[in-house]
Amino acid sequence: MSSKTIVPASLAANGAAGVVLPQVGSGDEYLSAERCVELHRLMVRARVMEERTIKMSKSGEGYFWIGGPGEEAFNACLGLQVHKGQGPAFDYLNLHYRNSATLLALGMPMLDGIRQMAMRATDPHSRGRNFPGHYAKREWNVLPVSSVIEVRHTMAPGTALMQKRLGGDGVTVVTGGDAGTAEGDFASCLIWSTIPGREVPVLIVVANNCWGISTAACNVHSEKRIIDRGRAHGIPGEVVDGNDPVASWYAIERALTWCRTERKPYMLEAKVSRLYGHSSSSGALRVKGEVDCIEQFEKKLLALGILEPPQVAKVHEAAELEAEAALEQALTEPQPSPEDVEMFTYADSAVDAVYPGDYTGLPG
Amino acid sequence: MATLVQAVRMALHYGEEHLGVTDIFGEDVGPPLGGVFTATQGLKTAWNSPLDERGIIGTAMGIAYAGGRPVAEIQFCDYGFNTIDILKVAGNQRWAGAGNFDMPIVVMTPSGSGIRGSLYHSHSFESWASRLPGWKIVMPATALDAYGLMLSAIVDPNPVMVLLPKALLRVRGEEKIPGEPEDDNELKEMIDAPVGDRSNWTPRWPELKAHFIKIGEARLARAGSTATVVSYGRPLPLCVQAADQLKQELGATFDVIDLRSIFPYDWKTISASVLKTGRVLIVNEDTEVTNFGEHLLRRVIDHHFYDLLVRPRVLLGKHIPGIGLNQVYEQNSVPQFAGIKEAMKAVATEEA
Ligand SMILES: Cc1ncc(C[n+]2csc(CCOP(=O)(O)OP(=O)(O)O)c2C)c(N)n1
Ligand SMILES: [Mg+2]
């Protein structure tokens with residue numbers, strides 16, 4: 001752990017209060033204290049939201065739980081660095097189901113995550129239809145998360161093709177787990193994003209927790225590093241400690257910069273933890289023996305004096321209050337109604353004699 | 001008159017020029033071949049993809065998310081089975097995502113038997129496709145319908161699958177595509193790539209005009225009063241031919257309904273005809289267990305049980321693992337002219 005004396009202008013201005021905060025280092029890389037405080041808050045909010053939804057899965061306020069405890073550091077860094085917006089001028093996100101920290105970093109209120117878990121009609125991502133963590137948001141180019149492992153890898157080169165054509169610096173991010181890379185769709189992504197002369201800016205993120213439900217990666221995979229699979233296609237990549245927000249921040253920055261400037265794919269393999277097992281189906285119990293990115297980061301922030309213990313406690317308390325309020329609010333909101341069952345099947349069409357609007361049941 | 005496959009090509013050209021088509025792609029779709037059935041020769045947005053059907057559907061979806069209008073080809077529907085779960089995802093994106101994203105993609109693929117294609121060039125796909133909620137599925141049997149339905153498929157903001165009957169791709173229409181030249185040879189010279197070296201060839205497109213056929217509207221290929229036949233794709237012209245002969249031979253007349261749209265299907269037209277005739281035969285060549293025709297039969301029974309004069313019936317492909325290459329196999333696996341005529345005669349003449 002080291003610190004540098006270079007202080008961002010925004011913090012230097014705080015010097016009036018007489019405090020100059022150090023940066024947080026990892027290896028040769030340093031992140032401003034301000035950024036680290038922001039990341040820490042996001043990571044805690046994501047964890048608290050996930051822990052709340054786990055409780056909901058056990059109390060009957062929700063059913064199945066799956067989510068991202070253990071991926072907060074990497075995913076928060078990702079959410080803060082993508083270019084958020086609608087359409088191919090901005091980044092597209094093809095996420096898997098452990099990306100709650102990314103959505104919070106983009107600005108999602110906890111309430112929206114809780115609404116999905118509580119299956120409310122107000123759930124903006126799926127109207128109470130999908131599992132938690134299955135986000136969809138047009139305004140931020142968050143494409144609908146699908147439970148089907150790896151299918152989004154076949155779509156990523158398509159959005160990236162449109163982004164490259166447009167000529168801006170938009171990137172398509174696709175994330176998945178380690179086990180999912182055995183699907184042919186992962187290979188499809190490598191091939192389609194490197195068609196000679198038509199290479200496209202896809203950032204392929206593999207969140208490697210060394211597990212696919214109950215199967216240890218090392219028992220069914222021979223490759224030592226997943227990123228090596230990109231080599232045959234000329235896709236550069238790196239392995240990063242996804243539990244370390246500073247290392248993750250810079251790895252993501254390098255990766256996105258490559259995609260934005262070279263207009264070609266890049267692969268990041270983030271070593272992450274899986275702190276509550278696979279899902280509620282496996283009990284969603286807190287596992288021991290895996291690194292907790294939040295505990296580790298807090299130790300660093302405390303040691304550097306960036307945060308004091310009461311401040312850390314306050315961040316947790318605030319997140320708990322936010323989750324509590326979100327749950328209270330969500331539970332007052334309406335359930336979907338039986339009339340909602342068909343809603344959003346079809347977009348309006350001027351050339352359909354039977355369904356000029358939405359689906360209304362069998363042709364009558 | 002243009003052939004069905006020429007009509008598809010002209011529709012795609014019209015789509016590129018006037019309807020915002022950005023990408024026409026798939027295996028061997030771009031130059032030099034322009035598709036194994038020539039459906040995409042000379043098109044300016046056509047490109048060759050890797051040999052990866054799942055990648056083809058997924059990339060089309062990605063293009064559509066980002067504002068493009070893709071038309072993707074699966075070379076033969078026989079090779080579309082590995083895409084079923086991505087097709088499902090395409091169909092459920094809008095619904096699952098609370099309406100956040102539309103999915104305006106067109107997937108076209110040759111379907112059905114009749115080209116002596118043996119096990120893996122003879123499959124039918126419409127019954128599988130009918131189990132993909134969120135999709136619209138059309139299957140034209142004439143050149144003009146192929147043109148009109150392809151234009152509608154392109155502008156419809158939902159996923160639309162255009163199933164092209166393999167056996168009818170080279171059949172000429174009886175009606176002109178709006179804008180096609182008088183002379184068939186002239187059309188051929190204008191838009192068919194030459195055999196052999198075609199590196200310097202460019203098509204000369206006729207001044208084509210819009211002709212939209214609404215999805216979900218059937219076509220009455222023959223009008224009659226004795227019995228109703230509901231079909232589409234390869235067996236459709238055989239039903240028409242049988243109806244013409246039975247009119248001569250028996251004086252029996254048939255409503256031959258070319259469904260054209262598998263989903264949504266034109267229930268109003270089927271229902272009105274069955275109400276009129278009280279006799280109905282449904283003909284298609286997909287395998288008979290859990291066949292889309294069985295769904296239509298269920299609708300007929302639900303709505304018209306007491307209107308029927310005789311047992312409603314289906315004539316479908318056999319539930320066997322494949323269609324064998326020796327024509328004895330094919331002739332005895334999927335409906336052929338003689339069997340269709342016999343079934344039509346039976347439904348028309350059985351005593352009420
Ligand atoms: C195509 C497909 N097969 C199987 C499943 C069931 N399943 C859900 S998660 C999972 C394991 C995924 O492991 P990995 O890709 O490493 O992601 P992780 O859950 O570890 O983050 C499996 C097998 C699925 N959802 N989709
Ligand atoms: Mg895993």
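Throughout, protein chains are lettered first and strands after them, A, B, ... in sequence-line order, and every chain is numbered starting at 1. Everything numeric in this text was worked out from a predicted model, so none of it was measured.
The most heavy-atom pairs under 4.5 Å with chain A, out of B/G134, B/P159, B/S261, B/G216, come from B/G134. Ranked by non-hydrogen atom pairs under 4.5 Å with chain B, the options A/P157, A/G87, A/G364 are led by A/G364. Among B/S152, B/G99, B/P50, the residue making the largest number of heavy-atom pairs under 4.5 Å with chain A is B/P50. Ranking A/R127, A/R152, A/E342 against chain B, the residue ahead of the rest is A/R152, based on heavy-atom pairs under 4.5 Å. When each of B/H303, B/K136, B/M61 is checked for heavy-atom pairs under 4.5 Å with chain A, B/K136 comes out on top. Here B/S49 is the residue among B/G67, B/A64, B/S271, B/S49 with the most heavy-atom pairs under 4.5 Å with chain A. Note: B/A96 leads B/P104, B/G91, B/A96, B/G68 in heavy-atom pairs under 4.5 Å with chain A. Here B/Y265 is the residue among B/Y265, B/W267, B/F212 with the most heavy-atom pairs under 4.5 Å with chain A. Contact count versus chain B (heavy atoms, under 4.5 Å) is highest, among A/V354, A/D352, A/L166, for A/D352.
A/T345 touches chain B through backbone and side chain together, each having a heavy atom under 4.5 Å away. For chain B, the nearby part of A/V142 is the backbone; its heavy atoms alone come within less than 4.5 Å. Proximity to chain B involves both the backbone and the side chain of A/L362, based on heavy atoms less than 4.5 angstrom apart. Heavy atoms of A/A160 lying under 4.5 Å from chain B are absent altogether. Both the backbone and the side chain of B/I56 come within contact range of chain A, each with at least one heavy atom under 4.5 Å from a heavy atom of that chain. With a 4.5 Å cut-off on non-hydrogen atoms, B/N158 touches chain A through its side chain but not through its backbone. For a residue to count as touching a neighbouring chain, one of its non-hydrogen atoms must lie under 4.5 Å from one of that chain's; by this rule A/D348 touches chain B with the backbone only. Contact of A/V341 with chain B is made through the backbone alone, with heavy-atom distances under 4.5 Å. With a threshold of 4.5 angstrom between heavy atoms, A/N130 approaches chain B through side-chain atoms but not through N, CA, C or O. The contact between B/D23 and chain A is made entirely by side chain atoms (from C-beta outward), counting heavy-atom distances below 4.5 Å. For A/Q86, no part lies under 4.5 angstrom from a heavy atom of chain B. For a residue to count as touching a neighbouring chain, one of its non-hydrogen atoms must lie under 4.5 Å from one of that chain's; by this rule B/D52 touches chain A with backbone and side chain alike. Contacts of A/L143 with chain B are made by both backbone and side-chain atoms, with heavy-atom separations under 4.5 Å.
Using a distance-only test at 3.5 Å, with no hydrogens or angles considered, no donor-acceptor pair links the side chain of B/R54 to the main chain of A/T154. At distances below 3.5 Å, not a single donor-acceptor pair connects side-chain atoms of A/R115 with backbone N or O atoms of A/M110. In terms of modelled atom types and a separation under 3.5 Å, the side chain of A/T175 and the main chain of A/H96 share a donor-acceptor contact.
Contact annotation: the side chain of B/T269 never approaches that of B/D255 to less than 4.5 Å [non-hydrogen atoms, C-beta and beyond]. Using a 4.5 Å heavy-atom cutoff, the side chains of B/S199 and B/P32 are not in contact.
Between A/R260 and A/D91, at least one side-chain nitrogen of the basic residue sits less than 4.0 Å from a carboxylate oxygen of the acidic one, meeting the salt-bridge criterion. Look at A/E199 and A/R263 and you find no salt bridge, because none of the NZ, NE, NH1 or NH2 atoms lies under 4.0 Å from a carboxylate O.
Side chain to side chain, B/T59 and A/W192 fail the donor-acceptor criterion of an N or O pair below 3.5 Å. Side chains of B/H295 and B/S130: a donor-acceptor N/O pair is absent below 3.5 angstrom, by distance only.
Annotation: A/F90 is not in aromatic contact with A/H83 [ring centroid separation under 6.0 Å not met]. Taking the six-membered ring for Trp and the full ring otherwise, the centers of A/F131 and A/Y97 sit at least 6.0 Å from each other.
The aromatic rings of A/Y355 and A/Y346 lie tilted to each other, with the angle between the two planes from 30° to 60°.
For the pair A/R198 and B/W47, the cation sits on the ring face: its NZ or CZ lies under 6.0 Å from the ring centre, inside 45° of the axis.
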